[in-house]
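Numbers restart at 1 for each chain; the letters A, B, ... are given by sequence-line order, proteins then strands.
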Amino acid sequence: MYTVALKMLLGNRGKFYAMVFGVALTALIITQQTSIFLGLMSRTVGFIYDTTQPDLWVMDPKVQFVDDTKPLQDTKLLQVRGVEGVEWAVPLYKGSIRARLPNGTFQTCNVIGLDDATLIAGPPVMLEGTLADLRRADGVIVDEAGATGKLAKPGLTPDSPKIPLRVGDILELNDNRAVVVGIARVTRTFQSQPVVYTTYSRAMRFSPRERKLLSFILAKVRPGYSHTDVARQIKQQSSLAAFTAQQFRGITIRYFMKNTGIPINFGIAIGLGFLVGVAIVGQTFFSFIIDSMRYLGILKAMGASNKLLFQMILLQTFLVGAIGSGIGMGIGCLTSVIAKNSELAFYLPWQIPVITVLTTSMITLITAMASLRKVLRLEPGIVFRG
Amino acid sequence: MVESTAETAIACRSLTKSYRSKTTITPALRGVDVTISKGELFMLVGPSGCGKTTLISVIAGILQHDTGECTIFGKNLQTMSDTERTTYRGKNIGFVFQSYNLIPALTTTENVAIPLLLNGVARSEASARAAKMLAQVGIGDKLNTLPTELSGGQQQRVAIARALVHNPQLIVCDEPTSALDHATGAEIMELFRQEALREQRTLVIVTHDSRIFHYADRIGVMDDGLVTKIVSSPSELS
């Protein structure tokens with residue numbers, strides 16, 4: 001009888017396609033919106049992800065997220081180095097500097113100043129040049145997206161494509177000459193600004209003069225010491241905040257969740273996707289059941305139990321749910337592949353397809369349950385009505 | 001207690017049934033007494049709204065009556081649970097409807113195989129028996145045809161095959177010829193006589209179609225919820 005159920009479903013092609021479309025649309029909206037939301041959230045902490053060597057991030061206690069730098073006195077670095085359990089501690093500059101482009105316009109860049117001696121916290125993947133090239137005069141490393149995008153040179157004619165920055169090109173950073181010595185691949189950040197790596201001392205020279213310029217202190221914990229204990233010691237001895245990378249990522253994400261409209265906007269989009277799915281699938285399936293009432297009545301008259309009829313309906317909704325979810329998630333996954341390394345923030349961990357399947361299953365189950373009432377109340381006497 | 005003999009197929013005594021809405025109660029059966037024998041072709045005739053369809057619905061076990069008693073081959077369906085009644089119907093009763101009621105997405109063979117599938121027969125065997133039954137009713141060349149590609153007469157033949165394929169004891173028909181022309185209606189009635197009445201099956205046909213009255217062994221005339229007269233020949237109706 002399950003074959004009969006499937007043939008009844010596929011026989012009504014218009015409604016079948018409408019239901020599959022409804023589920024696919026829901027699956028696509030949920031997959032995409034959730035992935036974009038996670039993509040945006042992961043971009044807020046992209047820089048922390050890329051900085052793998054230190055165990056602790058030391059900062060002003062008022063810092064609310066990774067881009068919210070509150071400069072420290074240079075002497076704090078020495079204080080941190082003096083805390084028991086700290087193997088090493090290096091300075092890190094993180095700030096925004098304007099780059100003057102060859103066409104006269106300006107582009108704000110995210111400048112990272114690395115400890116001159118160790119170059120700790122450098123870019124994770126070098127595409128051209130090496131990290132050590134930063135030691136060359138006026139050397140900077142530019143991220144791939146910035147080099148090919150916002151910092152790229154204009155083409156030879158107004159209509160020709162931009163020419164990506166290459167090693168050896170000159171940049172003007174806050175009226176300072178900078179030479180591109182490397183191109184790196186970094187995790188994209190929330191602000192999507194070009195990222196420029198240089199040494200700490202050069203970053204001091206590039207940046208507008210301020211009394212304090214030290215953004216973060218990156219510290220390594222000595223083997224055998226607990227990260228939490230050392231962080232507590234740093235806090236006690238220097239009055240600074242110290243967090244592990246995981247804690248700092250959490251603080252940053254919570255800030256964006258709490259202080260931006262991002263979660264609400266995406267929540268609304270996901271909620272609407274769910275409602276659209278329920279509306280389209282529910283209404284179409286209900287209408288399909290109403291159309292099938294006469295035939296369900298005949299089956300009931302001929303000896304089909306309520307249980308069998310409900311199993312047939314469940315099978316029909318399951319098929320619609322499986323095909324629709326598959327199409328929706330398929331398009332979602334395809335977007336994930338296309339969006340890789342692009343401006344579109346898209347992060348699709350395995351949990352999202354699971355959530356999508358659960359949600360679409362819920363929609364189809366709600367639909368099946370709504371139809372069940374109709375079937376249970378179905379009088380086989382309907383078959384004798386004209 | 002209903003008196004029934006070994007030859008009695010259906011015995012209804014003082015059968016009443018009313019339809020209730022929020023504000024009104026409409027009596028449909030007001031004390032029906034009727035006995036139908038095994039192997040008999042019994043027709044129920046009467047004006048619209050006289051209770052014919054209600055009576056066959058009760059006889060077929062798809063509607064519960066209010067008072068009185070009705071036994072089918074000695075079984076009182078009213079005392080059975082819903083599941084038992086559904087199972088009993090599936091094994092012992094076949095249905096033929098005015099508008100054929102074939103499932104449009106299924107081929108003729110698949111439509112005919114449904115009662116067998118509902119009775120737990122394996123799909124391959126059900127298909128084979130359905131094909132044999134279709135050949136028996138004269139449309140063995142339309143095994144994989146969809147109902148929409150068949151004429152009214154052919155569709156009714158498929159419906160008859162579906163009603164007979166699981167070898168039920170009772171076949172209940174609601175206006176089986178009213179959508180057909182005279183010649184096709186006559187063919188269908190001949191088919192009923194040849195195929196449906198085999199093996200002491202009982203046929204109860206509700207009809208308005210006076211052209212087929214002469215096929216009946218007996219005719220029960222209904223009026224206002226009662227069987228007012230039972231005759232053996234159409235000429236006695238006037």
Side-chain angles (χ1 to χ4, degrees), chain A residues 1-20 284-285 287-313 315-317 319-320 323 372-386, chain B residues 17 19 48 52-58 60-64 82-107 110-111 113-120 123 126-127 146-148 159 162-163 165-166 168 172-175 178-179 206:
Chain A
M1 287 308 292
Y2 298 126
T3 314
V4 171
L6 294 181
K7 288 202 168 186
M8 283 172 75
L9 174 70
L10 298 173
N12 196 338
R13 296 218 170 155
K15 289 212 162 67
F16 173 69
Y17 290 140
M19 287 186 283
V20 168
T284 319
F285 194 78
S287 145
F288 168 72
I289 291 295
I290 297 291
D291 287 354
S292 309
M293 236 30 198
R294 166 163 289 274
Y295 305 113
L296 294 175
I298 292 162
L299 294 177
K300 202 165 179 176
M302 290 195 298
S305 63
N306 282 335
K307 188 181 162 194
L308 176 64
L309 293 180
F310 184 56
Q311 283 170 342
M312 288 169 71
I313 287 172
L315 178 69
Q316 289 170 335
T317 51
L319 183 74
V320 166
I323 295 175
L372 173 67
R373 250 183 87 234
K374 215 63 186 147
V375 173
L376 289 179
R377 288 182 173 185
L378 174 67
E379 266 191 38
I382 190 176
V383 295
F384 288 128
R385 289 174 206 141
Chain B
K17 170 71 186 173
Y19 294 105
S48 293
K52 303 185 297 288
T53 301
T54 302
L55 180 56
I56 57 162
S57 298
V58 170
I62 56 179
L63 193 65
Q64 301 277 77
D82 191 45
T83 312
E84 287 170 335
R85 205 166 31 247
T86 303
T87 309
Y88 186 84
R89 236 179 10 237
K91 288 192 187 307
N92 298 290
I93 303 174
F95 294 89
V96 178
F97 310 101
Q98 178 182 358
S99 48
Y100 326 125
N101 283 339
L102 302 172
I103 297 175
L106 305 182
T107 63
E110 288 165 340
N111 265 292
I114 287 174
L116 295 171
L117 296 174
L118 288 171
N119 279 303
R123 213 170 136 206
S127 293
L146 292 173
T148 47
R162 183 175 67 182
V165 73
H166 56 307
V172 176
C173 311
D174 185 35
E175 305 279 5
S178 63
V206 164

Checking B:D82 against chain A: side chain, backbone, both or neither under 4.5 Å from a heavy atom?
side chain
So what's closer than 4.5 Å to chain A heavy atoms on B:I93: side chain, backbone, both or neither?
neither
What part of B:R85 gets closer than 4.5 Å to chain A, counting heavy atoms only: side chain, backbone, both or neither?
neither
If you measure from OG1 on B:T86 to NZ on A:K307, what distance do you get to the nearest 0.5 Å?
13.0 Å
Picking from B:L118, B:I114, B:T54, which has the most non-hydrogen pairs under 4.5 angstrom with chain A?
B:L118
Find the distance between CG (B:L117) and OH (A:Y2) and round it off to the nearest 0.5 Å.
12.0 Å
Minimal heavy-atom distance between A:Y295 and B:L102, with the atoms involved, is CE2-O, 3.4 Å
So which residue, A:L10, A:L9, A:T3, A:L308, ends up with the most heavy-atom pairs under 4.5 Å with chain B?
A:T3
Heavy-atom closest contact (B:A105 atom, A:G11 atom, distance)
CB-CA, 3.8 Å
In Å, rounded to the nearest 0.5 Å, how long is the span from CD1 of B:I103 to CD1 of A:I298?
6.0 Å
Correct closest heavy-atom pair for B:F95 and A:A301 would be CE1-O, 3.2 Å
Report yes if the side chains of A:M302 and B:H166 come closer than 4.5 Å at any heavy-atom pair, otherwise no.
no
